Every structure is written in C-alpha cells, then in structure tokens.
Amino acid sequence: MQDMPKKYSFTESEAKWAEKWSEWGIYNWDSSRPRSETFVIDSPPPTVSGSLHIGHVFSYTHQDLIARYQRMLGKNIAYPMGWDDNGLPTERRVQNVFGIKCNPALPYDPDYKLERRPVDNKKKAQVAQVEVSRPNFIEACNTLTKEDEKAFEDLWHQLGLSVDWNLAYATINDHCRKVSQLSFLDLVKKGKVYQAELPTAWDTGFGTAVAQAEMVDKDVDGRFHDLRFQVEGGGEFTISTTRPELLGACIAVVAHPDDERYKPYFGKNAITPLFKAVVPIRPSTHADPEKGTGILMVCTFGDSADVEYWRKSDLPLRQLIGRDGKMGHVDYSKEPFQSLDPQEANAVYGQLEGLFVKQARAKIVELLRESGDLLGEPRPIKHAVKYYEKGEFPLEFVTTRQWFIRILDAKEEILEKARQIKWHPEFMRNRIEHWIDGLQYDWCISRQRFFGVPFPLWYRVDEKGQIDYNDPIYATPDMLPIDPQSQPAPGYTPEQRGVPGGFVGDPDVMDTWATSSLTPQIVSGWGEDEDKHHKLFPMDVRPQSHEIIRTWAFYTIVKAWMHEDTIPWKNVVISGWILDPDRKKMEKSKGNVVTPKPFLDEYSADAVRYWASRARLGTDTVFDTKLFDLGRKLVTKLFNASRFVIGQLDSDEKFIYSLEELNFDSLGRSIEVDPCSELFKAKKRERLAKENITEALDLALLARLRYIVAEATKSFNEFEYAGALQLVEGDFWNFCDDYVELVKRRSYEEKDTPGKRSAVATLYLALKTILRLFAPFLPYITEEVWSWRFATSEGRECSIHTSPWPTVAELDRPEPKHTELYDCAVELLGKIRQAKTKAQKKLRWPVKSIVIKGSAEYLEALEDALQDVLLAGSAEDAQVIKEVAQIEGNEHFEVEIELADNE
RNA sequence: GGACGAGUAGCUCAGUUGGUUAGAGCACCUGCCUUACAAGCAGGGGGUCGGCAGUUCGAGUCUGUUCUCGUCCACCA
C-alpha cells in the first residue's frame with residue numbers, strides 16, 4: 001500500500017512509474033499466446049533525422065490509447081517501435097551536421113574522425129563539404145541516427161507510450177535489410193519487378209530517380225517566351241514556352257486537331273529557331289487552343305506530358321539535360337540531333353553546354369533575342385512545377401536504368417485490397433482509392449544514393465569490359481543481408497570485381513519506402529519465423545497520418561498483396577495534423593515547429609496526452625497550450641477526488657473491516673487471508689461494494705456509470721478515443737461537483753449505518769471505475785492512485801494498465817425506483833446554491849424554508865434523496881413544504897427558498 | 001478542373017438515428033478560504049448553428065445550390 005501524498009508531484013510520480021513499468025515488463029508481448037488473443041499495432045517508424053516536434057507526440061499518443069484500451073480488454077498487445085533511419089533525410093542531415101559528402105570512388109579511411117561542422121543552409125555554396133568514402137559516409141549516418149533514436153526513445157518513455165521495446169527495429173539494421181532484400185527477391189521470382197532504361201523523374205540536386213509518390217507540385221515564378229518557328233515550305237508561327245533552354249531538344253510541334261490556325265500545317269515540318277532542326281507538326285488533343293498560342297513544342301523532356309508523347313511516337317530522343325542538371329554534350333551534325341545548319345547549331349549549343357538549366361535558360365534567351373527569334377519580352381507567370389518533395393530543383397526527366405515494381409497493371413487488385421480494410425474515419429478511404437486510380441507510373445524503387453538497402457544482385461562484365469544488365473546474378477535468401485558492393489557475386493572472387501570477365505555489384509539502394517512498406521513483415525519475422533509471423537500478421541491496426549496514405553499505406557498494401565495475397569492489417573486509423581495558431585501545418589521547413597519536451601516537463605505527460613486525446617480521428621488540431629492547462633487541472637482534480645474517496649475508505653477501516661459478516665466471500669466461504677493484509681482489506685472493499693449499495697441516490701449514480709462505461713466502450717471499439725474521453729471527463733466533473741457533494745455528509749457519519757456503508761461503497765466502486773476509464777488517457781495519475789489502495793501488491797498484475805477494462809456487468813445493481821431521482825436531486829441542490837449565491841451568502845448559510853412545487857411523481861422521486869440534498873445544501877434545518885403543481889418548461893420543480901436571517 | 005473535409009458563443013471544440021428553451025472548456029462578470037481540491041467552489045451574461053432555397057408537424061442534424069477555408073489529385077506548352 002502506497003501512502004497518499006498531500007500534493008501531487010507529477011515529475012516524481014511520472015518518473016517513478018515509467019521506471020516501474022519497464023521493470024515489470026507490463027507492455028511485453030507474450031509470444032506463447034494465440035493470434036486470437038493478440039492485438040497488433042503496425043506503428044509508424046518515425047524518421048529519426050527529422051525534427052522532433054509536438055505533432056509526433058500527438059499522433060503517437062493516439063496509438064497508445066488504442067494499445068492501452070485493448071490491453072485492458074485482456075488482449076496480448078504487440079506494440080513495436082521502429083526507427084526509419086535509412087534514406088535521404090538522414091543523408092542530408094549527415095551532410096549538414098558533419099559537413100561531409102559521399103564520393104563512392106574514394107577508399108575507406110578507418111582513421112577518419114567525424115567532426116561536427118554544421119552547414120549554414122543559406123551559405124551552403126561557400127562551405128566546402130569534405131568528400132568521404134561510401135563506408136565512411138554510412139558510418140556517419142549510423143552514428144547520427146543512434147543519437148537521434150536515443151532522443152526519441154527518451155521522449156516516448158516520458159510520454160508513457162506502452163511500447164514493447166523488445167519489438168523495436170531500425171530500418172537500416174541487419175534484420176530490416178534482410179527482409180527488404182528478401183521481399184525484392186520474392187518479387188523477382190513472382191515477376192513483379194523489372195529493370196528498364198526509361199525517362200524517369202530525376203532530382204538533379206540529389207542525383208537520384210524518384211517515384212511518383214514523392215513528387216509534389218510547387219507554385220513557382222516562370223516566364224513565357226514567345227519563339228518564332230518557320231514552317232518548311234513557307235509560313236511561320238509562334239510558340240510560347242517556359243523552357244526555351246530545351247529548344248535544342250525539340251522533337252515535334254503539336255496543336256489541337258481542331259485548331260483552324262494550325263490545321264494547314266499538319267503533316268508539314270517546322271524548323272526550330274537557332275538549331276535549325278526539322279521537326280514534324282502534328283495534331284494532338286494534348287494541346288489546348290486557349291493556352292499560350294495554342295501550339296507547343298515537344299521536347300525530350302520538359303515534363304511528363306512530353307515523356308508520354310515521346311513514348312507513343314516514333315520520334316527520336318534528344319536528351320540535353322544530364323544527371324547533374326547540366327546541359328550535356330551533343331552534336332548537331334549527327335542523329336538524333338541532325339540540324340540543317342550543324343555548324344551554326346553547334347556554335348549556339350556550345351554556349352549552353354555545361355551550364356545548369358537555369359543558366360542555360362538565361363543564355364539562350366540572350367541568343368534568341370540577338371537572332372530575332374524571341375518576339376517581345378518574356379512575360380512573367382506563376383505556374384506549378386513538379387519537385388521531389390525533399391528537393392530544391394525542379395524534377396527533370398532523364399533516361400536512366402532503374403528498377404520498377406509493376407503496379408500499373410494491378411490497380412484493380414490493389415484497389416480491391418484497399419477496400420477490404422476498414423478506414424477510420426471512413427472518408428479517408430477515398431484518398432487511397434483516388435490515388436490508386438490516378439497512378440501513372442510503375443513504382444521506381446532504385447535510388448542512386450548510399451544510406452539505404454542495397455539491391456541484392458550483381459551484373460556480369462563481359463570480355464570487353466561492358467556490363468551486361470540483362471541477366472543479373474541474384475543473391476540467394478541465405479546470403480541476406482548482403483552488400484554487393486563489398487561482397488563478391490557467388491562464384492566470383494573479390495579480385496574479379498569490375499574487370500573484364502568479372503562482375504560488378506548493383507550500385508544503387510532501394511527507395512526507403514521499399515523497406516518501410518514491409519513494417520508488418522519486419523515485426524512479424526516474415527521469412528524467418530513462420531510461427532511468429534502468423535501470430536502477428538496480418539496486423540490489427542495501422543495508425544498513421546493522412547499525408548502518407550499515398551506512400552506508406554499504399555505501398556504496404558501493395559507488398560502484402562504481392563507477397564501473400566492478403567491485406568496487411570484490418571484497420572487503418574488516421575490522425576490529423578497539428579496546426580500552428582495561423583492554421584498552417586506544423587513543419588520543420590516552415591519553421592513553426594514546437595519541441596515537445598518543455599511541455600511534458602511543465603504540464604506533465606498526462607496533461608499533454610490529454611490534449612492529444614481530445615482530437616477526433618483525422619481532424620487537424622490547433623496547437624494551444626490552454627489545453628495543457630486543462631489537462632493538468634484534470635490530473636489535479638483526479639488526485640484530489642481520489643484522496644477524498646480513499647480518505648473515506650480509510651476512516652471506516654476501524655469498523656467496516658472488523659465486521660464479522662465481511663469475513664466471508666459471496667458464497668459464504670470464509671476469506672482465508674491475513675486479516676491485516678492489503679489483500680484482505682481489498683477483498684472486504686469488494687464485498688462492501690457488492691452488497692452494501694442500497695441507497696436510491698447511490699444506485700442512480702451506478703446507473704449513470706453503467707451508461708458511461710457502455711458508451712465509452714462503444715467509442716473505443718470504433719477507435720474513437722476522443723468521444724470516450726469527452727464522455728468520461730464530463731461524467732467525472734459531474735461526479736465531483738454533484739454526487740460527491742450530495743453524499744459527503746452521509747459518508748461522514750460516525751456510526752456504521754446502511755446509508756453510510758452505501759455511500760462509502762459507492763464512492764469506492766465509482767472511483768475504481770473512473771480510474772480505469774481514464775487509464776488509457778492519463779496512465780500516470782491513474783496508476784499513482786491505483787497503487788494507493790486498488791493494487792494489493794506490486795508487479796505486472798497489479799498495475800491499473802493490466803487490470804480489466806470496466807464492464808457494465810461489474811456495476812450491475814438494481815435500478816433506482818425513479819429514473820429521474822438523480823436529476824431531481826441535482827436540480828434542487830442547484831437551486832439552493834443559486835439562492836445563496838444570488839444573495840451573496842456563503843454556501844453554508846442556513847436556510848429557513850424551502851417550498852418545492854412539482855408533479856407528484858417527481859416529488860416522490862426526490863423524496864429518496866431529499867435528506868442528502870438538504871445536507872449538501874446546508875439546509876438540514878429548513879422547513880420543507882412540498883406542493884403538487886404543474887410546472888412549465890424543462891425543469892422538474894419550481895422552488896422558493898428563504899434564507900435564514902443570520903448564520 | 002476533380003475529389004474529400006471543415007464552417008456552431010470572443011477563442012478552442014462537442015452535438016449520436018431530425019424532436020420540446022443548441023452544450024463544454026477557456027476568456028469575461030459576481031460571490032465564496034465549505035475539514036478532497038483557491039492549480040479550488042458556487043452562480044451569471046453571451047450563439048439561432050456560413051448564405052439562400054427546399055423536404056417535414058418539426059432541421060445545427062436531411063436535399064439542392066452558393067460562399068469561405070483546408071487538404072489531396074489533375075493540369076503544368
């Protein structure tokens with residue numbers, strides 16, 4: 001039995017319980033229990049190199065509420081935590097923190113000492129980054145992610161997340177790399193992946209291909225340039241373009257088939273200005289007569305529409321922009337660039353070659369102006385341009401060799417799986433349906449980066465030293481995880497790397513989502529431990545936020561379908577965003593993020609959790625510290641109310657626990673425990689609550705509680721924790737303000753009377769119920785109070801968090817005679833209080849007389865609680881006159897109160 | 001351009017299947033140190049539910065339309 005402190009120190013208490021919970025292992029998944037008793041959460045692995053902000057605390061609390069509720073239902077909870085540390089965000093952070101850059105050509109330097117040399121983003125160009133080898137770079141990534149993971153783990157502990165840390169993983173660790181590579185090999189076997197050399201969305205800043213899911217639109221300033229084109233055999237027209245630097249990559253000119261202005265030209269050729277290339281003029285519905293001049297040039301490649309057009313056409317590929325975002329080397333005297341005036345074309349292009357896109361644009365505008373082919377001055381416009389979500393330059397389309405997963409021809413199957421999953425809230429389902437419907441490309445999974453999961457394969461190098469990409473050597477599952485850059489292909493020696501007749505490892509790594517899409521399989525031990533896998537997969541719940549439906553949720557559904565023809569989880573639960581006071585999403589890049597730790601320290605973890613718990617599913621929430629205040633108030637109130645209830649229990653020990661009939665259980669068997677022990681006392685309290693609640697008002701309170709329990713349970717079953725909290729919280733304040741006040745005096749009685757017993761027993765049972773209803777939301781304060789009298793010893797079984805969720809059945813007592821009793825009592829008490837407040841008298845001021853008018857039915861209902869009301873209203877000496885009368889309006893009674901003249 | 005969501009008291013939000021006088025917290029005003037709680041208690045003022053039209057005996061709740069905000073997708077010459 002813990003002593004009840006006088007003041008609640010959440011700092012002390014929260015630290016104490018966090019420690020004990022770890023010690024007791026109350027959150028550990030029990031691998032021996034069957035799937036049917038298990039509840040599995042596919043928790044999102046946070047990107048550890050991202051900044052830690054209050055939004056994390058928000059959404060992770062939501063999962064924890066679900067976990068804690070299910071645990072109290074008796075479920076065996078598997079609640080893992082992963083760290084998403086592989087991928088570009090980490091690389092970028094490492095570059096910025098250590099001021100280094102990966103050069104795969106360099107050899108490993110075992111003596112390289114990492115130094116923190118923060119790069120000022122605004123002056124990045126001026127700070128020289130030190131080039132290091134690939135292994136050195138990966139070491140730096142590992143070092144930094146370890147630190148970041150520690151910060152997250154500490155925060156999660158303080159927040160009270162009921163994670164089973166035995167199930168923790170990091171997406172770059174051996175196990176995850178293995179699962180990820182296994183997945184790739186399985187997809188190879190199933191024919192779901194292919195390799196192709198295609199124009200692919202390319203981020204020139206990071207030098208890597210990116211997938212459709214990672215593209216975002218940005219509104220940027222651009223300029224329309226009007227260029228004059230000649231028509232072969234006479235005539236000319238004007239094209240408006242925002243990308244004049246691609247003029248040399250023009251392969252065709254198109255206008256709408258119905259556009260009368262250009263109809264005469266269809267079938268003829270145009271001659272491009274400056275480059276004097278002959279390109280066909282063709283009809284295409286892609287052209288919008290309303291836009292620009294209605295006629296446009298197709299270049300390889302200005303945008304995805306160009307790619308589309310080129311693919312379907314028989315036209316040549318004129319690639320200008322290279323992987324580095326610079327204008328590459330081309331020759332206009334040869335195909336596919338052939339010019340009518342190669343010398344002139346090459347002279348023009350010579351001035352562009354080697355320039356970045358932006359510089360080339362400025363240069364060619366100059367040249368066009370000189371040649372007179374630029375009509376008027378460029379006109380500024382705002383237009384949307386595709387970017388890699390983490391990139392700073394517009395995406396280009398560059399033809400490169402990449403690996404793709406076939407999703408375009410499987411839209412229907414994927415959609416079907418998405419529909420088998422329950423989405424909470426339901427309307428979020430159409431986000432994914434919409435996304436699947438709009439897919440345009442297969443999933444490009446290769447990235448020309450370093451800190452990721454390598455492709456488990458090698459290529460043969462022929463006798464001429466040419467790499468043969470057509471017949472890769474795949475690793476076998478027993479070799480995983482493997483790095484083909486450091487290990488030789490099977491059947492080869494390390495010396496044969498890169499030499500004619502030898503091999504080379506695939507240099508790329510996989511898209512981070514290729515691994516993250518396997519979080520269920522990573523946790524379940526897919527491919528490693530079949531028994532465990534079937535106990536954890538498919539999972540019960542995927543909690544996540546809505547901006548990654550198109551990535552994480554989508555890809556996970558794809559993988560589960562491809563590998564095992566199943567859904568990965570039964571439910572998806574979507575959290576909203578945290579908005580700043582201006583209602584903008586809190587994001588590091590916007591500079592409006594708030595660090596959570598100070599709030600946990602200032603207001604308590606319970607208070608912060610309370611704030612998070614109030615948000616309905618899928619609904620964005622404005623960050624407002626007033627709600628932390630409210631949470632802290634609630635915690636204090638729980639503490640104080642509990643002190644009162646337990647004080648009443650304790651004050652009664654002297655007679656209640658010595659009562660003879662309580663030495664027997666409900667079947668009449670004597671209770672065989674040490675009479676001084678806590679267990680004995682606990683059993684007696686239970687007996688008391690079972691058999692001594694007899695007063696009508698007390699029965700009415702339990703009827704209310706039964707309703708709250710039923711409704712809160714219903715909400716929780718639908719993952720609507722916010723609704724449950726609102727209900728429980730509202731009831732709790734009423735319990736304090738009305739019920740406790742009404743029975744206080746009765747519970748104070750010195751003698752052992754049925755009324756007193758009933759009051760104490762009800763307070764006990766109500767508190768026991770309320771604490772458990774609050775436990776998922778406020779794990780610390782509820783555990784603290786629980787430990788005072790409700791836990792009979794220490795350890796896993798005695799935590800409130802492993803106690804059973806309250807049920808209607810355990811509160812089953814007779815209904816009070818009159819269902820309106822409780823409301824009648826509260827109403828009369830309110831009127832007495834009102835009279836005193838209006839008269840500006842203290843609440844203990846005596847009352848001379850009370851005239852209560854109401855229906856016979858209500859007056860009778862009130863009768864059972866009248867004594868409690870009069871005591872609570874300090875009106876026990878008042879003359880009470882009851883009159884049967886018709887009352888207008890919503891109230892039960894009309895009351896006239898005369899206060900005493902003096903105290 | 002398409003889709004989804006939101007618009008309820010000064011602020012932040014609840015309002016279950018349409019039902020009598022629309023709720024809570026914060027803020028504001030008044031009073032009260034009542035032996036769980038002044039990080040408290042009691043009382044009070046304040047909204048006609050974005051606009052319009054309709055269905056209905058009756059609509060914040062259903063239908064249509066419209067405005068504003070947010071998000072996603074598409075367009076991207």
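Residue numbers begin at 1 in each chain, while the letters A, B, ... track the order of the sequences. Keep in mind that this is a model prediction, so the values were computed, not measured.
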- Task: Please check the phosphate of B:A77 (OP1 and OP2 only) for any side-chain N or O of A:His383 closer than 4.0 Å.
- Result: yes

- Pick base, sugar-phosphate or nothing for A:Val740, based on heavy-atom distances below 4.0 Å to the nucleic acid. base

- Nearest whole angstrom, please: distance from the P of B:G25 to the CH2 of A:Trp733. 9 Å

- Which is true for A:Glu720 with a 4.0 Å heavy-atom rule: it touches a base, it touches only sugar-phosphate, or it touches nothing? nothing

- When you measure from the centre of the six-membered ring of A:Trp845, is the NZ or CZ of A:Lys836 under 6.0 Å away and within 45° of the axis? no

- Phosphate oxygens OP1/OP2 of B:C26: is one of them under 4.0 Å from a side-chain N or O of A:Lys633? yes

- Query: Do A:Cys250 and A:Val298 have side-chain heavy atoms sitting under 4.5 Å apart?
  - Reply: no

- Query: To the nearest 0.5 Å, how far apart are CG in A:Leu227 and OG1 in A:Thr293?
  - Reply: 9.5 Å

- Query: Given that both distances must come in under 3.5 Å, which nucleotide forms a Watson-Crick or G-U wobble pair with B:U48?
  - Reply: none

- Task: With sequence neighbours excluded, tell me which residues meet ring pair (Phe, Tyr, Trp, His ring centres under 6.0 Å) with A:Tyr764.
- Result: A:Phe790

- Rounded to the nearest angstrom, tell me the gap between atom NZ in A:Lys626 and atom C1' in B:C28. 12 Å

- Item | Pairwise P distance, B:U48 and B:U61 [rounded to whole Å] | 15 Å

- Watson-Crick or G-U wobble partner of B:C33, both distances under 3.5 Å: none

- B:G50 versus B:A9 - spacing of their C1' atoms, nearest Å: 15 Å

- Give the nucleotide from the list B:A36, B:A77, B:C73 with an atom nearest to the side chain of A:Lys744. B:A36

- Task: Determine the interatomic distance between P on B:A77 and the same-named atom on B:A53; round to the nearest Å.
- Result: 44 Å

- Query: Just how far, in rounded Å, is C1' of B:G31 from NZ of A:Lys841?
  - Reply: 11 Å

- Taking CG from A:Asp620 and P from B:C72, how many angstroms apart are they, rounded to a whole number? 10 Å

- Message: Considering every strand and a 4.0 Å limit on heavy-atom distances, what is the contact class for A:Phe224: base, sugar-phosphate, or nothing?
- Response: sugar-phosphate

- What class does the angle between the rings of A:Phe397 and A:Tyr441 fall in, given that below 30° is parallel, 30 to 60° is tilted and above 60° is perpendicular? tilted

- Message: Can you tell me how far apart CD1 (A:Ile414) and CH2 (A:Trp435) are? Round to the nearest 0.5 Å.
- Response: 12.0 Å

Collect all protein-nucleotide pairs involving nucleotides 19-23 of chain B in which both atoms are nitrogen or oxygen and the distance is under 3.5 Å.
residue, atom, partner, partner atom, Å
B:U20, O4, A:Asn890, OD1, 2.9
B:U21, O4, A:Asn890, N, 2.6

- Message: Of the options B:C4, B:C13, B:A36, whose atoms approach the side-chain atoms of A:Val622 most closely?
- Response: B:C13

- Note on the structure: Closest of B:A39, B:A74, B:C13 to the A:Arg614 side chain is B:C13

- Message: Closest approach to the side chain of A:His546, judged atom by atom: which nucleotide of B:A36, B:U71, B:A42 is it?
- Response: B:U71

- With heavy atoms under 4.0 Å as the rule, sort A:Glu741 into base, sugar-phosphate or nothing. base

- Task: Sticking with atom C1', work out how far B:C28 lies from B:C72, rounded to a whole angstrom.
- Result: 41 Å

- Query: Can you check the A:Tyr441 OH to B:C73 P distance for me, whole Å?
  - Reply: 13 Å

- Ranking B:U71, B:A39, B:A77 by distance to the side chain of A:Arg431, first place goes to B:U71

- Whichever of A:Asp737 and A:Phe10 has its nearest RNA chain B nucleotide further upstream toward 5': A:Phe10

- Verify the contact: side-chain N or O of A:Lys637 to OP1 or OP2 of B:A36, cut-off strictly under 4.0 Å; return yes or no. no

- Query: Just to confirm, is there a sub-4.0 Å distance from OP1 or OP2 of B:A36 to any side-chain nitrogen or oxygen of A:Tyr748?
  - Reply: yes

- Side chain of A:Ala287 (C-beta onward), nearest among B:C4, B:A77, B:A39: B:A77

- Return the orientation label for the A:Phe628 and A:Phe623 ring planes: parallel under 30°, perpendicular over 60°, tilted otherwise. perpendicular

- Which of these nucleotides, B:G43, B:A39, B:A36, is closest to any side-chain atom of A:Arg833? B:G43

- Item | Proximal nucleotide (of B:U71, B:C75, B:C4) relative to the A:Lys386 side chain | B:C75

- Contact class for A:Lys836 (heavy atom, under 4.0 Å): base, sugar-phosphate, or nothing? nothing

- Message: If I take atom CH2 in residue A:Trp435 and atom P in nucleotide B:A3, what distance separates them, rounded to the nearest angstrom?
- Response: 19 Å

- Task: Mind checking A:Cys736 for me? I need base, sugar-phosphate or nothing, with any heavy atom below 4.0 Å counting as a touch.
- Result: base

- Query: What is the nucleic acid contact for A:Lys585, judged by heavy atoms within less than 4.0 Å: base, sugar-phosphate only, or nothing?
  - Reply: nothing

- P gap between B:U65 and B:A24, integer Å: 36 Å

- Task: Whole angstrom is fine here: how far is it from CG in A:Asn717 over to P in B:U16?
- Result: 20 Å

- If the P atom of B:C13 is compared with that of B:U20, how far apart are they to the nearest Å? 26 Å

- Any Lys/Arg nitrogen of A:Lys714 or A:Glu718 sitting under 4.0 Å from an Asp/Glu carboxylate oxygen of the other? no

- Query: Which one, B:A74, B:U34, B:A77, comes nearest to the side chain of A:Gln440?
  - Reply: B:A74

- Inter-nucleotide C1' distance (B:A3, B:G44), Å rounded: 47 Å

- Can the positive tip of A:Lys633 be found less than 6.0 Å from the middle of the six-membered ring of A:Trp733, inside 45° of the ring normal? yes

- Task: Decide yes or no, distance alone: a donor-acceptor N/O pair under 3.5 angstrom between the base of B:C75 and the side-chain of A:Asp217.
- Result: yes

- Task: Enter the distance from A:Arg609:CZ to A:Phe58:CZ here, rounded to the nearest 0.5 Å.
- Result: 13.0 Å

- Query: Salt bridge or not for A:Asp624 and A:Lys626, using N-O below 4.0 Å?
  - Reply: no

- Item | A:Thr242 side-chain N/O to B:A77 phosphate OP1/OP2 under 4.0 Å | yes

- Message: What I want to find out is whether A:Glu749 reaches A:Arg746 closely enough, with some N-O distance under 4.0 Å, to be called a salt bridge.
- Response: no

- Task: With heavy atoms under 4.0 Å as the rule, sort A:Asp288 into base, sugar-phosphate or nothing.
- Result: base

- Assigned partner base of B:A39, Watson-Crick or wobble definition, under 3.5 Å: none

- Item | B:G1 pairs with, by Watson-Crick or G-U criteria that keep both distances under 3.5 Å | B:C73

- Message: Without decimals, in angstroms, what is the distance between A:Ile251 CD1 and B:A77 P?
- Response: 16 Å

- Item | Closest to the A:Thr241 side chain, choosing from B:C41, B:C33, B:A77 | B:A77

- Message: Under 4.0 Å from OP1 or OP2 of B:C32: is there any side-chain N or O of A:Gln840 that close?
- Response: no

- Query: Can you check whether A:Gln834 has a side-chain N or O nearer than 4.0 Å to OP1 or OP2 of B:C41?
  - Reply: no

- Note on the structure: Checking N1-N3 plus N6-O4 or O6-N4 for Watson-Crick, or N1-O2 and O6-N3 for wobble, each under 3.5 Å, the partner of B:G54 is B:C62

